[in-house]
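Scroll down for the structure; my scribbles are underneath it.
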Amino acid sequence: MTGETLIALALVIPAATALLTPLFARHPNLRESVTLLGTVLLFAALLALLSKVLGGARPALHVLDVVPGLAVAFAVEPLGMLFATVASGLWIVTSLYSIGYMRANHEVRQTGYYVAFAAAIVATVGIALAGNLFTLFLFYEMLTLVTYPLVIHHRTPEAKAAGRLYLMMLLGASTVLLLPAIAWTAVAAGTLDFRPGGILAEKLSPTALAMLLALFAFGIAKAALVPLHFWLPAAMVAPTPVSALLHAVAVVKAGVFFVVKVIVYVFGVETLSTSGAGDWLVFAAAGSILIASMVAMTRDNLKARLAYSTVSQLGYVVLGAALATHWGIVGSGMQIATHALGKITLFFCAGAIYTVHHKTEVSELAGLGRVMPVTFAAFLVGALSIIGLPPGGGLWSKWYLVLGALDGGQIAIVAVLMISSLLNVAYLLPIPLRAFFGTAEGEATNGRAAEAPLPLLLAMSATSLACVILFFFPGIVFNPLQSMATQ
């Protein structure tokens, strides 16, 4: 197949999955078979597209001109290809996990859940493969709208309040900050196309570049930079598979991907480096990392702790891109992949704990690791990867971020990265340690095996194994990023 055909298939397959799923609403086995088939077909299409990109091809697909100068178009490059492949791979395991979770917890509106999830993947692939800022913006906003039903899935007053905050912050930031940034870019550069080396070289003064970057950085509220991060912890009222979608597969990853894409293909790494326009963003991201880590340490609710951990970890991606160095960009791209695998593992484990034992607080987990050894072993692997310790693949993203900071002469940022890693240890490692070595309390921890349903175990085992594989074979992610980082 041609690259253009594969791009079209990557969008059509999840869209067709979303449209076909309601036809089998009364037949859960068929409904979920449609979902799983869609996940596998999408992953296969993106792997075929990936092989072309690794071979040096840069497929593109022009769909239509909305008005002169504004086209819906797609163009594949290494960073977008990485994001799309990771998201589609995680759609497989999240769908498998969802089947076990939704059934075990007797969740309502399961058909609507699978439809919205497939629609979110359409938007995610569109974001990853967008060929210009206009197309990226369209799919970015689509992602907000199609994930709203997932956030309010339980329809409780708390869920509805979280949904209102979700829409208000994401759509509000896009309207007030992101749209003006895109319009300013169009006027200054004369184009919205993504180009290696950027499109703003010698187009704006350093001060204007810094102001434009601020509009993008905070207008892309899905990146959850402090202080525009409150929507993310609030959205934890959704079912755990939705939390996995928000934190690992699509939403926040779309945000930080957008930031990196803009820095590399709109501003240009060299332009940003020589102008110093991104220096403020380096320290803003560093502050976001430290503040969110310290808040995470105070949260006893497991999902809330993981949510603030995500805010902190997203800061690493923005920081690496803002450093505007070769290794910073590589580290930023690797963080997108390694954090996705590590954090989805942690959320899968949190959902398994709730499904079997209905425990949600860290203080309730003492001794639980002895009756859920697979779950907490997976949690330990995911935590080590998030921290940046062997045998987790997250070690390499942190390593390259440190190299990027040293390359840019940012010794203070190296200190921030070291301190944040210690904070990660402080709020993550006590969870499995308490579970394995704490004093058991209650009937749920009296020594009887009480593991999660098989689909949940398979999903968390697969993602924790992937964390380990990336530790031993980082080239899977590193090699495609190398060419992007030199542009």
Side-chain angles (χ1 to χ4, degrees), residues 79-80 82-84 86-87 90-91 94 117 120-121 123-128 136 139-148 150-151 162-163 165-167 169-171 173-174 178 216-238 240-262 284-285 288-289 291-293 295-296 303-321 332-348 350 382 386 394 397 463:
L79 178 65
L82 171 67
F83 178 40
V86 169
L90 292 181
W91 188 28
T94 306
F117 210 121
I121 298 300
T124 302
V125 173
I127 289 167
L136 179 48
F139 282 93
Y140 178 86
E141 296 307 314
M142 173 186 170
L143 183 60
T144 300
L145 297 176
V146 299
T147 51
Y148 170 74
L150 295 171
V151 174
L165 180 63
Y166 185 78
L167 288 181
M169 291 199 68
L170 298 187
L171 295 181
S174 290
L178 183 55
F216 273 114
F218 292 108
I220 304 169
K222 289 187 181 74
L225 274 176
V226 175
L228 298 183
H229 67 287
F230 293 105
W231 63 270
L232 185 55
M236 293 302 95
V237 297
T240 298
V242 176
S243 300
L245 168 73
L246 293 173
H247 290 258
V249 181
V251 180
V252 296
K253 289 302 181 298
V256 290
F257 168 80
F258 200 156
V259 173
V260 178
K261 185 97 170 184
V262 163
S288 191
I289 291 169
I291 291 169
S293 292
V295 174
K303 285 179 67 175
R305 185 175 296 195
L306 296 181
Y308 278 100
S309 168
T310 294
V311 174
S312 174
Q313 296 293 317
L314 295 176
Y316 288 103
V317 181
V318 176
L319 184 149
S332 184
M334 292 194 76
Q335 176 71 1
I336 291 176
T338 59
H339 175 258
L341 290 168
K343 188 52 62 69
I344 202 169
T345 300
L346 299 185
F347 272 105
F348 282 172
I386 294 295
S397 56
T463 54

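Fair warning: this is a prediction, and the values are worked out from it, not measured in the lab.
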Nearest 0.5 Å please: distance from the [atom1] atom of [X] over to the [atom2] atom of [Y].
| X | Y | atom1 | atom2 | answer |
| --- | --- | --- | --- | --- |
| Thr144 | Met169 | OG1 | CE | 12.0 Å |
| Ile344 | Thr463 | CD1 | OG1 | 6.5 Å |
| Tyr308 | Gln313 | OH | CD | 15.5 Å |

Counting C-beta onward and ignoring hydrogens, is there a side-chain heavy-atom pair between [X] and [Y] closer than 4.5 Å?
| X | Y | value |
| --- | --- | --- |
| Val251 | Tyr166 | yes |
| His229 | Ser288 | no |
| Ser309 | Ile386 | yes |
| Val242 | Thr147 | no |
| His339 | Ser397 | no |

Any donor-acceptor pair under 3.5 Å from [X] side chain to [Y] backbone:
| X | Y | answer |
| --- | --- | --- |
| Thr124 | Ala120 | yes |
| Thr94 | Trp91 | no |
| Thr345 | Leu341 | yes |
| Lys222 | Ala254 | no |
| Thr310 | Leu306 | yes |
| Tyr140 | Phe258 | no |
| Ser312 | Ala292 | no |

Run the side chain to side chain contact (heavy atoms under 4.5 Å, CB included) test on Ile336 and Leu82 for me, step by step, so that the C-alpha distance in whole Å, both residues' side-chain angles and the decisive distance to 0.1 Å come before the verdict. CA-CA 9 Å; Ile336 291 176; Leu82 171 67; 5.5 Å; no
For the student: nearest non-hydrogen atoms of [X] and [Y], plus distance:
| X | Y | answer |
| --- | --- | --- |
| Leu232 | Ala307 | CD2-O, 4.3 Å |
| Leu314 | Ala224 | CD1-CB, 3.8 Å |
| Leu79 | Gly333 | CD1-CA, 4.4 Å |
| Ser243 | Met236 | OG-SD, 3.7 Å |
| Val259 | Ala223 | CG2-CB, 4.1 Å |
| Ala173 | Ala221 | CB-CB, 3.7 Å |

Please identify each residue that fulfils ring pair (Phe, Tyr, Trp, His ring centres under 6.0 Å) with Phe257, with sequence neighbours left out.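 With neighbours one apart ignored, the set is Phe83.
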Counterpart residues, ring pair (Phe, Tyr, Trp, His ring centres under 6.0 Å), relative to Phe139 (two or more places apart):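 For Phe139, the residues satisfying ring pair (Phe, Tyr, Trp, His ring centres under 6.0 Å) (neighbours in sequence not counted) are Phe74.
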